[in-house]
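In what follows, chains are A, B, ... by sequence order, proteins preceding strands, each numbered from 1.
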Number of protein chains: 4
Amino acid sequence: MYGWSEKKQRIVQAAMEVFSRHAYHLVKMEDIAERAGVGKGTIYEYFCSKDELFLAVAQAGSRLYLAELAAAVSAGQNALEKLRALFCQHLSFVEKHADAARLLAGDRRPPHPDLLQAMLEGRRQLLLLVGGILEEGVKTGEFRELEAAVTVHALTGALTALWAAVLLGELADRDREQVAQTILDLYLAGLAGARPGPGEQ
Amino acid sequence: MYGWSEKKQRIVQAAMEVFSRHAYHLVKMEDIAERAGVGKGTIYEYFCSKDELFLAVAQAGSRLYLAELAAAVSAGQNALEKLRALFCQHLSFVEKHADAARLLAGDRRPPHPDLLQAMLEGRRQLLLLVGGILEEGVKTGEFRELEAAVTVHALTGALTALWAAVLLGELADRDREQVAQTILDLYLAGLAGARPGPGEQ
Amino acid sequence: MYGWSEKKQRIVQAAMEVFSRHAYHLVKMEDIAERAGVGKGTIYEYFCSKDELFLAVAQAGSRLYLAELAAAVSAGQNALEKLRALFCQHLSFVEKHADAARLLAGDRRPPHPDLLQAMLEGRRQLLLLVGGILEEGVKTGEFRELEAAVTVHALTGALTALWAAVLLGELADRDREQVAQTILDLYLAGLAGARPGPGEQ
Amino acid sequence: MYGWSEKKQRIVQAAMEVFSRHAYHLVKMEDIAERAGVGKGTIYEYFCSKDELFLAVAQAGSRLYLAELAAAVSAGQNALEKLRALFCQHLSFVEKHADAARLLAGDRRPPHPDLLQAMLEGRRQLLLLVGGILEEGVKTGEFRELEAAVTVHALTGALTALWAAVLLGELADRDREQVAQTILDLYLAGLAGARPGPGEQ
DNA sequence: TATGAATGAGATTTCATTCAT
DNA sequence: GATGAATGAAATCTCATTCAT
């Protein structure tokens, strides 16, 4: 991605903006070309099909997201800090990269069956990242014994749903930190438990 | 929906099967007609466009889901039971109605911008249902004080993610009850808390 | 036409109303059926195709027109009277049978090439009728020597154009008799000649 | 029309040839494309719909006709000469531009109601042109007092009918000049009057 | 390399016609 | 005879893709 020419970058950026706002079949190559400020044929210098372009865009978004997330998480010293970093970074991302978030939260189904595996790759990475945090927490005793392989879905599902809520403006009046804290409390203490005091966090 | 003719039902059923397996633009009206065992033109006797058919299918799936969910939830005597019913019924649904679940978990983006509001209706209903459980639990003291408007997204997000996991076969080896229990534990006691004993459940 | 059942008549009448107002390809068999108050399939009990129905309608209109015209003309005692009757009756027709007039003045091209000859039949009849008047007038000396085969087109063309003008409302403020007289004057005396006195008419 | 690209011209030309020979609904876009030697999609680069193409063709024919007619007429020194020029040029046109004439003499009804006004424009222009000749003639005393608003329809109707006759081969054996002279005599001297001597013409 | 005019496969949709009732 | 639900051939129009410039 970093070796990409400036023009290729422009095309991907434009495509992300368009694909994130409209369903795949409503997006015309010409729309993307226009927004990128290049000719329609130029796109085909860099991508051999609309499908491939979509995949590239989805993967670019996915990689950007995962890179930022992984970086933030890895800065945490323990599972708890990592979990907090996960939620905070995740919520930051949707603000900085609304288009990418909209794309990643949107169509799950690939535009062509052949791309299914490629489009599931990002999901796998995220499950690994979150699963890793869970397992680390269990190992260190920060978290109780739990079934990481199931729990991980609850956590990643929450992430996606938070993006959707933000993008639909349903959390527009809320502070990001406050939202992250609320979610963190939920997953740490549960619905029934007392809110942990500041010292425990 | 119950006043629909048998043929309309067949068409919706066929459309759900096809739309749930392939992206909107990959689905041809002819595919649906063929699967429904009717002529292509017959679909247009009942739906004026592909868009409208898709919407009808999405709404049929959504209504079916919400009806089953609401029925199960309302049988619970308190918030805790309702939450358990929510997860159990949700996981049952994906087994009985894999197509509907695949459709509801799939495309978030409407095939045409005009349909956005209609397609968000099901989401609103679900948020109300889950939000209601949370608020009831807080009122009765079953749950601690919490921000229902934020928490609700974590819960609904988990639901969707569980479907995705099931549909991708990632939970194929797990018992549904066990999964529901794991999730329930997570949301009741949190990651840090001790697993509640049987008496507390 | 007189042996037609009442239902066939209703269908032809409805078809005339619709075909006279909209281009052939904009008219749906269902429109006609609805206006006739019969089922769509019923039309096919009487006519085997849309083409044939159109032809029947055109011919019905044509026959009605020619019959009325011929009757009026034949009442004239000489060519001059016949010519006057021609114009008067022609202008009456568009008032009494606006739909038929609109149809006859409208599409010249048949909806299918095979129908060309049939649709030219009415035209031939009209040319014969008008040509006959001319030849009679020449023979009796009422009219000067002239080329009937050419002149006849000028006269019939005027007829059609007058209908068009009436149907477009361009002669709405004029009395029919006055219009007929003006046209008659034109053809009798020409543009340059003096208006013939009443005794000459 | 003169700024049109060569390809657009080809398309209009091909469309005129096809539309002039077959009813609107029998003409397929592919027929036009094939005759123009372009791809089907290429037509849509220049015209957004079949309707619009038809309108463009009709207007192109109409403009060509009116331009040639107006030029010929304006060369006449007086009303009489103008009237003669009108008939001569009119008859020339059908020989040089049989397709355009066939189209203009054919369907009066627009393929879509919305196009009615646009398609009546040419008619209006012709009525103005002919009406102007009549009024000039009356003013200069070349013609007697007459109702131009009515008479004009007789003249334009004759024009159309002459085209029809020519296109149907009914005047195939006649010399154009002779036909024009016959018609001119009719309108100048009438049916009853003596044929004007050469000096009067 | 960059372009966009040209293309035509392929999609949706219409509607004349059929035929079981 | 009368009906209208069902049909599928066929039309318009779109748009991903190509390729001459």
Options dT12(F), dT7(F), dA2(E), nucleotide nearest the side-chain atoms of Lys28(D): dT12(F)

Heavy-atom pair of closest approach, residues Arg109(B) and Arg102(A): NH2-O, 3.5 Å

Output field: ring centroids Tyr65(D)/His97(D) closer than 6.0 Å: no

Of Glu30(D) and Gly39(B), the one whose closest DNA chain F nucleotide lies more 5': Gly39(B)

Distance-minimising heavy-atom pair for Leu103(C) and Ala58(C): CD2-CA, 3.8 Å

Closest listed nucleotide, where the reference is the side chain of Glu45(D) and the choices are dT3(F), dA6(E), dA5(F): dA6(E)

Nearest-neighbour nucleotide for the Lys50(B) side chain, dT7(F), dA2(E), dT12(E) considered: dT12(E)

Separation of dT3(E) P from Ile32(A) CD1 (nearest whole Å): 15 Å

Ion pair Glu17(B)/Arg21(B), N-O distance below 4.0 Å: no

Nearest-angstrom distance from the residue atom OH of Tyr44(B) to C1' of dA5(F): 17 Å

Value in whole Å for how far the P atom of dA2(E) lies from CZ of Phe47(A): 13 Å

Between dT12(F) (P) and His112(D) (NE2): distance, integer Å: 15 Å

Heavy-atom closest contact (Ser62(A) atom, Gly122(A) atom, distance): OG-CA, 3.4 Å

Between P of dA6(E) and CE of Met29(A), the distance in whole Å: 20 Å

d(CG, Asp51(B); P, dA11(E)) in whole Å: 16 Å

Side-chain N or O of Tyr46(D) closer than 4.0 Å to phosphate OP1/OP2 of dA5(E): no

Ring-face cation contact, Phe47(B) with Lys8(B), 6.0 Å cut, 45° max: yes

Residue met sooner reading DNA chain E from 5', once Lys7(D) and Ser49(C) are mapped to nucleotides: Lys7(D)

Secondary structure string for DNA chain F (Watson-Crick or G-U under 3.5 angstrom, | for other-strand pairs): .||||||||||||||||||||

Residue whose nearest DNA chain F nucleotide is more 5′ - Val27(D) or Thr42(B): Thr42(B)

Ile43(B) CD1 to dA5(F) P, straight-line distance once rounded to whole Å: 17 Å

Side-chain-base donor-acceptor pair under 3.5 Å for Lys40(B) and dT12(E): no

Integer-rounded Å distance: dA2(E) C1' and Ile11(A) CD1: 10 Å

Residue met sooner reading DNA chain E from 5', once His25(C) and Val38(A) are mapped to nucleotides: Val38(A)

Lys NZ or Arg CZ of Lys50(C) over Tyr24(C) ring: under 6.0 Å, within 45°: yes

